[in-house]
Amino acid sequence: MTQIAEIIVDVPTMQTNTPYSYSIPPALTGSVRPGMRVVVPFGNGSRKVQGFVWQLAEQTDFSRPLKAIDTVMDLQPVLNQELLALADHMAVTTYAFKITCLLTMLPNALKATYEKWVMPTDTLEESIRKKLFGHADRLLLDDSKLPEEQLKSLLKLASGGKVTVSYAVRDRGNVKTITMIEPAMAADKLQAAKATLRSTAKKQAVLLDYFITHPEPIAQRELEKALAVSSTIIKTAEKNGWLVKKAVEVYRDPLATAVTPTRALTLNEAQQTAVSALKTATNDHKAATYLLEGVTGSGKTEVYLQAIDNALQNGQSALMLVPEISLTPQIVGRVRGRFGQRVAVLHSGLSAGERYDEWRRIERGEATVVVGARSAIFAPLENIGIIIIDEEHEATYKQEDNPRYHARDIAIWRGRYHHCPVVLGSATPSLESRARAQKGVYQQLLLPHRINASALPKVTVVDMTQELQNHAESNFSTALLSALKQRMAKGEQSILMLNRRGYSSFVMCRDCGFVLKCPNCDISLTLHMDTKTMKCHYCGHEEPIPNVCPQCHSRKIRYYGTGTQKVETELKEVLPDAQVIRMDVDTTRRKGAHERLLNKFGRQEADILLGTQMIAKGLDFPNVTLVGVLNADTGLGLPDFRASERTFDLLTQVSGRAGRADKPGQVFIQTYNPDHYAIQLAKDQNYERFFLTEMQMRHRGHYPPYYYSVKLTASSGDERQAAEAMIKIVRQIKKTLSPAAIMLGPTPGAVARVNNRYYYQLVIKYKQEPALDQALFEILTEYQSTGRMGLQIAIDRNPMSFM
DNA sequence: AGCACGCCGACT
DNA sequence: GTCGGCGTGCTC
């Protein structure tokens, strides 16, 4: 009989990054299983802490007496064996704590919160007790919301033993229920009850009549509506013992709107080849990774849907990841239209409760197709038949804080576990993936043609340096402007993309060059016309727009750079009749705003959709025949080895938005670097050439995918502390590295200061360093305690950027 | 994360 | 001489 549970405790430190043994009290024997959440006493005061049962054991090497598990929080494990094993793997590969990994796999609703309760003891003087507690027998200590002095006096009382502080773990998982009403007795008994009613009790009679003919349960709300009775009438019937109320669990349906069912489309030859390869892999339980490379508009989604359908027909489940930004109703609608109620959708727009409901539907096997953003990769599906990552090159698949996992890596791990294929789909695969396909690590599947044989749009690169010489400064070249006018005349729509947000990137004094910067962060403030303020995009600092230069008091302080608001203003001047929808971070902040604006554009209530990167992905508007990229360069100048790749991806994606249906499309790319290979090759939609060219650049610069990389960041409120720590780490790590490894840095972060913290970083590029992992874990252990002094060390394996 | 233990400065 | 500052180490 197992009496010991090994538990990962919710204390994220290096020392507790291993299971702790707890005894299972007799009352809980048999109800403790791996993957369940438990509450255990921990530390000196045995405060209550949440933990995960890692495994059960017969014995332990811990020599001192064990504490016992306090409570079991779940009836069923919330994490299965697969996910427990995955957490272990993830902890090792991302240098994160096991507990952090376990928690990221769960919906927020299942992440417990801690409460601090203060209770008076007998020794507390009555007067003070009354003043502090009043009638309550205990007080909730709200996360230092209390004034400083009150907190201090409480602490004093605690140390004097006059009050005690206890910790409680509170489960946040709240299940939504509705009240159902059903008869408490058979129809003949109800009939008899009805006979006892007084003649004035009309409503009661109606109610009983209903249940005599409809014995099945009905939602109270519906019942009230259907019979026009009030809740008090029902309550009376309940009191009389005729009816019973019961709470029934319901799911909050985030997509309650009806979807139109869709049927499988006919595939072209390339699609057919891809689908049958994937079907075979699923049917043969082959854990292979496929790179599905298809130009924009080549029908990748239909390939996914048919591969998913095959898995479902085998009685298996399917997981599909899309970037958050393209989790638009269009994509979701298509999947839902094909698979209906079997689809669960997970994205950041859901409330914690909705997310939890979707998660439970998956966990119970009610939903077997999961569509979601990055974290949906942890969906608790059983028997997965296929995993798909759409737009696999997207940077959003990499989590930017601990655990710094890449969804692609997790997908491949799960694919191996389930012996099922993983599909990485993209028109512009990441260099890493494409290189692996080259080496035969991934199987390449090509979709070289657009469906319906629609032609790729005609792309024109506009040299803005020329434009500047010919005309006054404007965001619109002559060519783009006349094309816009043409579309309006023909009643066709246009999309304009801008590489940034805000009205203008910064203000600068034309006399002395002064740039208004954030007092907390080392970046320029951005002008926001809607709030008439200068804002910091990093920390949210806000201040009024200056009229005179704070440095030289000149009045020639002007706005530089370009933002969507400014473009919109200019657009209204040059095309006063155009109906424009502006989409950027500012106009889409509110929940559902994104959809609303897109739907409006889809209904052709506007001529021009103006937006930032967010409009480039996954939209399909048949009436759009013109796409203009106003400033293709932004980003090219960044000191980041992926700058060219990102620019190429963006331009290729956005160009694909034009002319997808019967009408031919046209694209204008405005740039100050017309000869840059990323722009020229995007113009030709020539991914293969870009891949070869960029691979040469990467090879020359010793960048991924030729090298692996690790980024270490030290941050602190004290600049010297961060710098010194980093210098020390460099010395330490140098000893373990082979001569072939390359170190970049230490350098101050690209933005050296964010929110009053200073950043120093080091990037290591390497091919094979067997001792590196160990060294990095040692560094983490060593700097564990410095967190309290404000020094934090972060390790990012294979970072998305070196900045 | 929270708590105890332990070693140096301003009080009864 | 003590109270209490927070640096350090440990928590099954």
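To find a chain, count down the sequence lines: A is the first, B the second, and so on, and within it residues start at 1. Side chains included, hydrogens not; waters and symmetry mates left out as well; all remaining heavy atoms used.
- Counting only residues at least two apart or on different chains, no salt bridge (Lys or Arg N to Asp or Glu O under 4.0 Å) pair has a member in residues 7-18 of chain A.
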Under 3.5 Å, which donor-acceptor pairs do the side chains of residues 795-803 of chain A form with other protein atoms, sequence neighbours left out?
from	atom 1	to	atom 2	distance (Å)
Asp796(A)	OD1	Lys398(A)	NZ	2.7
Arg797(A)	NH1	Thr93(A)	O	2.7
Arg797(A)	NH2	Asp773(A)	OD1	3.3
Asn798(A)	OD1	Ser709(A)	N	3.3
Ser801(A)	OG	Met803(A)	N	3.0

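- Residue pairs satisfying the salt bridge (Lys or Arg N to Asp or Glu O under 4.0 Å) criterion with at least one member in residues 38-51 of chain A, sequence neighbours excluded, are listed as follows: Lys48(A)-Asp70(A).
- Using a 4.0 Å cutoff on non-hydrogen atoms, the parts of residues 42-55 of chain A near DNA chain C are Phe42(A), Gly43(A), ordered by number.
- Applying the salt bridge (Lys or Arg N to Asp or Glu O under 4.0 Å) rule to pairs touching residues 708-722 of chain A yields Arg720(A)-Glu724(A), sequence neighbours excluded.
- Within residues 66-75 of chain A, the residues that have a heavy atom under 4.0 Å from DNA chain C are, in order of number, Leu66(A), Lys67(A).
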Taking distance alone, no hydrogens or angles, what donor-acceptor pairs closer than 3.5 Å link side-chain atoms of residues 406-415 of chain A to residues at least two apart or in another chain?
from	atom 1	to	atom 2	distance (Å)
His406(A)	ND1	Arg408(A)	N	3.0
Arg408(A)	NE	Glu392(A)	OE1	2.9
Arg408(A)	NH2	Glu392(A)	O	3.4
Arg408(A)	NH2	Glu392(A)	OE1	3.2
Arg408(A)	NH2	Ser430(A)	OG	3.3
Arg414(A)	NE	Glu82(A)	OE2	2.8
Arg414(A)	NH1	Ile377(A)	O	2.7
Arg414(A)	NH1	Ala379(A)	O	2.8
Arg414(A)	NH2	Glu82(A)	OE1	3.1
Arg414(A)	NH2	Ala379(A)	O	3.1

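- Here Glu769(A) pairs with nothing under the salt bridge (Lys or Arg N to Asp or Glu O under 4.0 Å) rule; sequence neighbours left out.
- The nucleotide range of DNA chain C contacted by chain A, defined by atoms under 4.0 angstrom from heavy atoms of the protein and reported 5' to 3', is dT8(C) to dC12(C).
- Applying the side-chain contact (heavy atoms from CB on, under 4.5 Å) criterion to Lys728(A), with sequence neighbours excluded, gives Arg731(A), Gln732(A), Glu782(A), Tyr783(A).
- Legend: salt bridge (Lys or Arg N to Asp or Glu O under 4.0 Å) pairs involving residues 89-113 of chain A, not counting sequence neighbours, sorted by first then second residue: Asp88(A)-Lys98(A).
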Val53(A) and Glu6(A): side chain to side chain contact (heavy atoms under 4.5 Å, CB included), yes or no, with the steps?
-> CA-CA 6 Å; Val53(A) 180; Glu6(A) 303 207 318; over 6 Å; no
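- For Ala344(A) against Arg361(A), the heavy-atom pair with the smallest separation is CA-NH1, 4.1 Å.
- Side-chain contact check for Ile4(A) versus Glu58(A): every heavy-atom pair is 4.5 Å or farther apart.
- Residue contacts for Phe62(A): at a heavy-atom cut-off of 4.0 Å it reaches a base atom on one of the strands shown.
- Taking every nucleotide of DNA chain B with any atom under 4.0 Å from a non-hydrogen atom of chain A, the first and last of them, 5' to 3', are dA1(B) to dA4(B).
- Lys67(A) and Ser23(A) are not linked by any side-chain donor-acceptor pair at a separation below 3.5 angstrom, with hydrogens and angles left out of the test.
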